[in-house]
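What follows is one structure encoded as structure tokens, with my remarks underneath.
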Amino acid sequence: MQKDASTMEKVVALCKRRGFIFPSSEIYGGIGGFWDYGPLGVEFKRNVKEAWWRDMVVGHDDTQAPAGAPTAYEMVGIDSTIVTHPQVWKASGHFDLFYDLFVDCKTCKARFRADQVKDSQCPRKPSKLPGEHGECALTDPREFNLMFKTYIGALIDPTAEAYLRPETAQGIFVNFKNVVSTSRVKVPFGIAQIGKSFRNEITPRNFTFRSREFEQMEIEFFCAPEESPAWYQYWRDRRMAWYVSLGLASDRLRLREHSPEERAHYSCGTADIEYAFPFCAEGDYGELEGVSHRSDFDLRSHMEGKLIKDGDQLVVERDASGAPKHPGSGKDLSYFDEASQRKFVPHVIEPSAGADRAALAFLCEAYDEDSIPDENGVPQERVVLHLHPRLAPVKVAVFPLVKKDGQPEVAAEIYRSLKQRWNVSYDEKGSIGKRYRRQDESGTPFCVTVDHQTAEDQTVTVRERDTTTQTRVAARELEAYIAERLRAA
RNA sequence: GCGGGAGUAGCUCAAUGGUAGAGCGCUGGCCUUCCAAGCCAGUGACGCGGGUUCGAUUCCCGUCUCUCGCUCCA
């Protein structure tokens, strides 16, 4: 189906109606930029994260090179804290990057970074600086704090200031030494993490796409400097293929290589995996994941202190007295490679994905309105989520065709048995067609119905969500049948 | 923060200066041998504070929240 801004409204409405996603704190009027996942949503989002964790981490084979990879590599995971030592964000550059002073002009509604006023021009009189025009009405510089601040300990004291992490990546870098020295990994290897991050986005927008509290799925992949371009290629393509494998196969998905001007100063390669969300203007895309080549920027930052660019070199930023502006840990985060008898600071490839964004893209892609014939053969519109079975919150729904003749008892028995393996729901209310439709909206790939024939030959019907076709299957073979279909998907 | 839009039931909408109706949904029951539309019953709303008024959901003011556009990005 054609998808545009009105589709987005329908997806949002469906999410609310079926219990995927609710506005946070809604009974108090909501709170912008925060969203809660409901009963179906939590299962769905867990499936997204589980698919990522399985495909990237626990399912990874350390012993041989995957297709497209330069060599075999190892993968491990961690789970670091949301609140860290505040110095982490100073050394990483986030403190300076996320903590700006702005002045606004009340006359022309423009906003300038306080440190860039002298390089800006007044929108009404471009020959003048902001504030020089007679009608300019600049505010005092005001703090723009993109990191959530909190206080460690019960006492509110400036020395106790800390921040909620704006990304999970730094928790990996600061644990690099711990992982290397305890888990026997050798370069090249990756450390993965899934977790919440927080940013005071100035403009939360577009449903869960830009939220202030969101969840990331990040890998920091450490390799030898000279191998990094090949690993960058690998991860870029590997991550793109992951989305395709879970259903984002349409032309709404794309991989976009950043131009050199667009890249961060330390990066020698960045690509975005983007999806044309229904809320995007024609030709626009929204970012799902950034895969970037970060060189040795991060580990060096945590050794030496916050780095800035000096020519084509990265050097420690210094204050007036010549001391590092934001000192690093001083710990040696370099790696000794036994094979080559060589010591180096590993280079990093970072595939950084938004779990909520991926989830939203899967929902938008899956949303469909089609029509299927009713009992009289007249086409009737239906709403269906064609979610990949791995992502579907409920895998199977079990129904008795009618609520009598012992059918509910048989159906409940099947429900209990399948439930040991999958998330299964049972429903005996209303007409059978209505129950099918309800499951279609939830993205349930299979509906099993016990009917009159079940009592005669112990078979049930299995109805498929996408085609609505039905297959008669022996009850005792049901689990194997569904397992096979799920595996084949 | 600035500018625009909007707040009536879970959702979509209606009406009214005299405290609100409907459809869908949801719940219970009846009916029903396969794709949301039968029958009965039930559930449930005027964002908030103030003003005008005998009386405000309605008019006025304020406020809050959401939402759209601008600096942010997973």
Donor/acceptor link under 3.5 angstrom from A/E287 side chain onto base of B/rC73: no

Sugar-phosphate, base or nothing in reach of A/E215, heavy atoms under 4.0 Å: nothing

Pairing nucleotide - B/rG7, Watson-Crick or G-U, each distance under 3.5 Å: B/rC64

Donor-acceptor pair present, A/T468 side chain and B/rC35 base, under 3.5 Å: no

side-chain N/O A/K434 vs B/rG25 OP1/OP2, d < 4.0 Å: yes

B/rC30: pairing nucleotide in any strand, Watson-Crick or G-U under 3.5 angstrom: B/rG38

Out of B/rU33, B/rC73, B/rU67, whichever nucleotide has its closest atom nearest the side chain of A/R357: B/rC73

Quiz item: A/R210 side-chain donor-acceptor pair to B/rC73 base, under 3.5 Å: yes

Sugar-phosphate only, base, or nothing, as touched by A/R382 at under 4.0 Å among non-hydrogen atoms: nothing

Sugar-phosphate, base or nothing in reach of A/T461, heavy atoms under 4.0 Å: base

Sugar-phosphate only, base, or nothing, as touched by A/S211 at under 4.0 Å among non-hydrogen atoms: base

Of the listed nucleotides B/rU32, B/rA74, B/rA36, the one nearest the side chain of A/E441: B/rA36

B/rC35 base / A/R463 side chain donor-acceptor hit below 3.5 Å: yes

Sugar-phosphate only, base, or nothing, as touched by A/T449 at under 4.0 Å among non-hydrogen atoms: base

Aromatic stack A/F214/B/rA74: centroid gap under 5.5 Å, interplanar angle under 30°: yes

Same-atom distance (P) from B/rU16 to B/rU65, integer angstrom: 32 Å

Side chain of A/S431 - closest among B/rA74, B/rA36, B/rC66: B/rA36

Any side-chain heavy-atom pair of A/R463 and A/F446 under 4.5 Å: no

Sugar-phosphate, base or nothing in reach of A/F209, heavy atoms under 4.0 Å: base

Short side-chain N/O contact from A/K16 to OP1 or OP2 of B/rG10, under 4.0 Å: no

Identity of whatever pairs with B/rA45 - Watson-Crick or G-U, under 3.5 angstrom: none

For B/rC2, the Watson-Crick or wobble counterpart (both distances under 3.5 Å): B/rG69

